[in-house]
Amino acid sequence: MAAPLELSCWGGGWGLPSVHSDSLVVMAYAKFSGAPLKVNVIDNNWRGSRGDVPVLTTEDNTISQPAKILNFLRKQKYNADYELSAKQGADTLAYIALLEEKLLPAVLHTFWVESDNYFTVTKPWFASRMPFPLSLILPGRMSKGALNRILLTRGEPPFYHLREVEAQIYRDAKECLNLLSNRLGTSQFFFGDMPSTLDAYVFGFLAPLYKVRFPKVQLQEHLKQLSNLCRFCDDILNSYFRVSLGGISPAGQETVDANLQKLTQLVNKESNLIEKMDDNLRQSPQLPPRKLPTLKLTPAEEESNSLHRLSP
């Protein structure tokens, strides 16, 4: 395809190329299908008015929402599902619907509604990527949108209390994770040895939940007990995202960390040496300061000195 493909998305952290599930879905699918995307990471110079990313831009099109972006890429011959059978294609649609119905509400709640997670992790992270005064407005709007989506899909206010909805969505999410774990089994990907659309969606939903460090980790703890799903996320990160958006591979980051550790050790040694020198100086014998002798002038010399000071 002649036209360049540019993807605007939220950036990464915690070892992820993006902490945003929808952005991760598109980024993973592009890696699986070989689509040559130029990734534009949203930072604090971003001038958009809403958080509706990822957005794919070409010379003639601007496309948002992961499903529409993936369909566009398939039309451009970047298809990660070309080896799937009709049954596997139907299974893909069924599992994606399951993810959006059962797992997505709990992921949204973990990031945007759970107060400890929102105020200590989610809000500060997203606000730091937005220009002022958008950083004061948009995180709250995104949190409210996530809550409304949860209540519209899983509750019927005012007939259901939020606490009842929370308990239900986490039960459903854990059940969904168990089903995914059983379906994956010991396979590398969900349909054999090659990743497909379903793998992109599962990775996009699970990786932030797996990697981001939250104070409240109810669903994260359950995910980490399912070792094959954790291995699935790690394999994709290591195989397809070795180079981060910042241009440093995990191996390179280890080198940077090692050099930083050596520098820190050197500074500490120098500080210890300086402290020892100070201690030695304090403990060395100190002589009292010598007084300079005071010269006394005779009356005749004082009179002569006074006459010199008065003369022009």
Nearest heavy-atom pair of [X] and [Y]: which atoms, and what distance?
X	Y	answer
Pro66	Val25	CB-CG1, 4.2 Å
Tyr240	Pro195	OH-CG, 3.3 Å
Leu219	Leu209	CD2-CD2, 3.5 Å
Pro54	Ser23	CD-N, 3.8 Å
Leu198	Leu99	CD1-CD1, 4.5 Å
Ile150	Pro105	CD1-O, 3.5 Å

Please confirm whether the backbone N or O of [Y] pairs with a side-chain atom of [X], one donor and one acceptor, at under 3.5 Å?
X	Y	answer
Asn228	Thr186	no
Glu6	Thr57	no
Gln88	Ser85	yes
Thr58	Asn61	yes
Ser128	Trp125	yes

Indicate whether any N or O donor in one side chain lies under 3.5 Å from an N or O acceptor in the other, for [X] and [Y].
X	Y	result
Asp193	Gln188	no
Ser196	Asp199	yes
Tyr170	His222	no
Asn117	Thr122	no
Asn79	Ser33	no

Can you confirm whether [X] sits close enough to [Y] that some side-chain heavy atom of one is under 4.5 Å from a side-chain heavy atom of the other?
X	Y	result
Cys233	Leu229	no
Val121	Trp14	yes
Met194	Phe32	no
Val55	Thr62	yes
Val26	Leu56	no
Gln220	Phe214	yes
Phe203	Tyr210	no
Leu237	Lys211	yes

Given the rule in the side chain to side chain contact (heavy atoms under 4.5 Å, CB included) test, do Thr92 and Phe191 qualify, once you have shown the distances and angles that lead to the verdict? CA-CA 9 Å; Thr92 296; Phe191 296 117; 3.3 Å; yes
Please list, chain by chain and in numerical order, all residues satisfying side chain to side chain donor-acceptor pair (under 3.5 Å) with Lys174, sequence neighbours excluded.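 Counting only residues at least two positions away or on another chain, Lys174 forms no side chain to side chain donor-acceptor pair (under 3.5 Å).
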Would you please name every residue forming a side chain to side chain donor-acceptor pair (under 3.5 Å) with Lys87, sequence neighbours left out?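 Expected list: Asp91.
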Between [atom1] of [X] and [atom2] of [Y], what distance do you get to the nearest 0.5 Å?
X	Y	atom1	atom2	answer
Phe132	Ile137	CZ	CD1	8.5 Å
Asn148	Leu108	CG	CG	11.5 Å
Asn71	Ile63	CG	CD1	9.5 Å
Ile169	Thr110	CD1	OG1	7.5 Å
Phe126	Leu138	CZ	CG	9.5 Å
Gln65	Phe72	CD	CZ	15.0 Å

List the residues meeting salt bridge (charged side-chain N to carboxylate O under 4.0 Å, His left out) with Arg231, not counting sequence neighbours, and say none if there are none.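 With neighbours one apart ignored, the set is Asp235.
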Is there a side chain to side chain contact (heavy atoms under 4.5 Å, CB included) between Val113 and Tyr118? Walk through the geometry before answering. CA-CA 6 Å; Val113 181; Tyr118 173 71; over 6 Å; no
Checking side chain to side chain contact (heavy atoms under 4.5 Å, CB included) for the pair Ser18/Met27: CA distance, chi angles, key distance, verdict? CA-CA 9 Å; Ser18 176; Met27 294 172 73; 3.8 Å; yes
Would you check, one step at a time, whether the test side chain to side chain contact (heavy atoms under 4.5 Å, CB included) holds for Leu7 with Asn40? CA-CA 6 Å; Leu7 181 71; Asn40 298 321; over 6 Å; no
Given the rule in the ring-ring contact (aromatic ring centres under 6.0 Å, His included) test, do Tyr95 and Tyr201 qualify, once you have shown the distances and angles that lead to the verdict? CA-CA 9 Å; Tyr95 273 100; Tyr201 270 90; over 10 Å; no
